[in-house]
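In what follows, a structure is listed as structure tokens, so that the remarks can point back to it.
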Amino acid sequence: MLFIHGIEFKYVTPIMKKGHDYDILVKLPNGLFACADAKCKIEGQEFSPTSVENTLRKGRKQFPEGEPAILFVKYPYAWDEDPESLAILRDVAMKFFRTTKRVVSVKYYVQPILQEGGDVRQRLGFKEFSNPVTRFGSDVDWRLFNTPNNLATTWQRIGNFPDEADMAAQSSGSGLPTNRTEPR
């Protein structure tokens, strides 16, 4: 997510010390740096607001006291299909902000892998919530993803995978898969 939006970041080496074990250091659009940690709710896990609240509370403990902090929380695609679950996720983030001035933002995201026709696609969806009252400025917009998606210029599409008929042709010795195109 950070890479495809052109956001500068670096991974942090774990030191196994409470308050200093976060995953990433992120450069914010306003030039400040924030500590960030990524959490994941496992695919297939039943929706539980309490589980998400516990994840946010646990995540907060991984950050140093005097630095702005961001929590990224990946959630299962099934939760994304339920508007009520999404509203509850928002409410959980806003309730969590009332307990902390250190965490400046919660960024929920989902990465479903979908089959559409004969294609398999991976999507990326996200929603950012900013803490209205922080130690680092109140009513600050802590969003990261205001930039266009740079995916088209930085990633290469992989295509022309053989299908079952192509695999059969290869195994029978009749040559290359039929859906390949010649190099230009």
Side-chain angles (χ1 to χ4, degrees), residues 1-43 49-77 79-80 83 85-113 121-156:
M1 249 175 35
L2 296 170
F3 175 76
I4 65 173
H5 284 89
I7 296 166
E8 290 181 52
F9 70 97
K10 72 174 189 173
Y11 293 104
V12 176
T13 304
I15 60 172
M16 307 307 284
K17 183 178 175 187
K18 186 176 177 179
H20 297 279
D21 263 341
Y22 52 92
D23 297 329
I24 309 163
L25 190 62
V26 178
K27 186 174 183 181
L28 302 169
N30 62 10
L32 295 175
F33 286 86
C35 306
D37 202 64
K39 302 296 182 192
C40 180
K41 306 313 286 178
I42 304 300
E43 291 293 330
T50 303
S51 174
V52 177
E53 290 170 359
N54 291 338
T55 296
L56 296 177
R57 278 195 298 271
K58 182 179 176 185
R60 174 181 52 210
K61 295 176 183 175
Q62 294 180 244
F63 300 119
E65 288 284 334
E67 303 291 332
I70 297 170
L71 283 165
F72 292 92
V73 180
K74 182 181 180 289
Y75 62 91
Y77 179 60
W79 298 7
D80 199 57
S85 295
L86 298 178
I88 292 170
L89 285 173
R90 177 202 61 222
D91 294 345
V92 166
M94 300 315 287
K95 178 181 171 186
F96 172 70
F97 290 146
R98 291 192 296 270
T99 69
T100 183
K101 293 183 181 176
R102 179 177 11 168
V103 177
V104 299
S105 182
V106 170
K107 296 163 185 335
Y108 293 115
Y109 67 102
V110 61
Q111 290 181 293
I113 297 174
R121 299 176 186 265
Q122 183 171 19
R123 305 249 183 215
L124 174 62
F126 58 87
K127 181 65 177 175
E128 304 181 72
F129 296 96
S130 292
N131 191 341
V133 180
T134 74
R135 295 179 186 161
F136 315 100
S138 295
D139 294 318
V140 174
D141 182 1
W142 295 100
R143 288 181 296 171
L144 291 173
F145 306 116
N146 295 329
T147 59
N149 179 334
N150 294 322
L151 182 60
T153 60
T154 58
W155 284 18
Q156 182 176 352

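Index from 1, following the sequence.
Annotation: the span from S130 atom OG to M94 atom CE amounts to 8.5 Å, rounded to 0.5 Å. A distance of 10.0 Å separates CD in E53 from CG in D91, rounded to the nearest 0.5 Å. Going from atom NZ of K27 over to atom CG of L32 covers 10.0 Å, rounded to the nearest 0.5 Å. If you take CG on L56 and CZ on F96, they are separated by 5.0 Å, rounding to the nearest 0.5 Å. Here the straight-line distance linking atom CD of E8 with atom CG of L25 works out to 10.5 Å at 0.5 Å rounding. The CG atom of L86 sits 10.5 Å away from atom NZ of K127, with the distance rounded to the nearest 0.5 Å.
Side-chain N or O atoms of D23 include one that pairs as donor or acceptor with a backbone N or O of A38 at under 3.5 Å.
The shortest heavy-atom contact between R143 and E128 is CA-OE1, 3.1 Å.
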Item to check | L28 and W142: CA distance, side-chain angles, deciding distance, side-chain contact (heavy atoms from CB on, under 4.5 Å) verdict | outcome: CA-CA 8 Å; L28 302 169; W142 295 100; 3.4 Å; yes

Item to check | Worked verdict on R60 versus T99 for side-chain contact (heavy atoms from CB on, under 4.5 Å) | outcome: CA-CA 10 Å; R60 174 181 52 210; T99 69; 2.8 Å; yes

Item to check | Evaluation steps, side-chain contact (heavy atoms from CB on, under 4.5 Å), between V92 and F129 | outcome: CA-CA 10 Å; V92 166; F129 296 96; over 6 Å; no

Next on the checklist: Would Y22 and V12 count as a side-chain contact (heavy atoms from CB on, under 4.5 Å) here? Give the steps.
Outcome noted: CA-CA 7 Å; Y22 52 92; V12 176; 3.5 Å; yes

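A 4.5 Å side-chain heavy-atom check between F97 and V106 finds at least one atom pair inside the cut-off.
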Per-pair distances, 0.1 Å, donor-acceptor, side chain in residues 62-76, under 3.5 Å, sequence neighbours excluded:
unit_1	atom_1	unit_2	atom_2	d
Q62	OE1	K39	NZ	2.4
Q62	NE2	D21	O	2.6
E65	OE1	R135	NH1	3.4
K74	NZ	E43	OE2	3.3
Y75	OH	D80	OD1	2.7

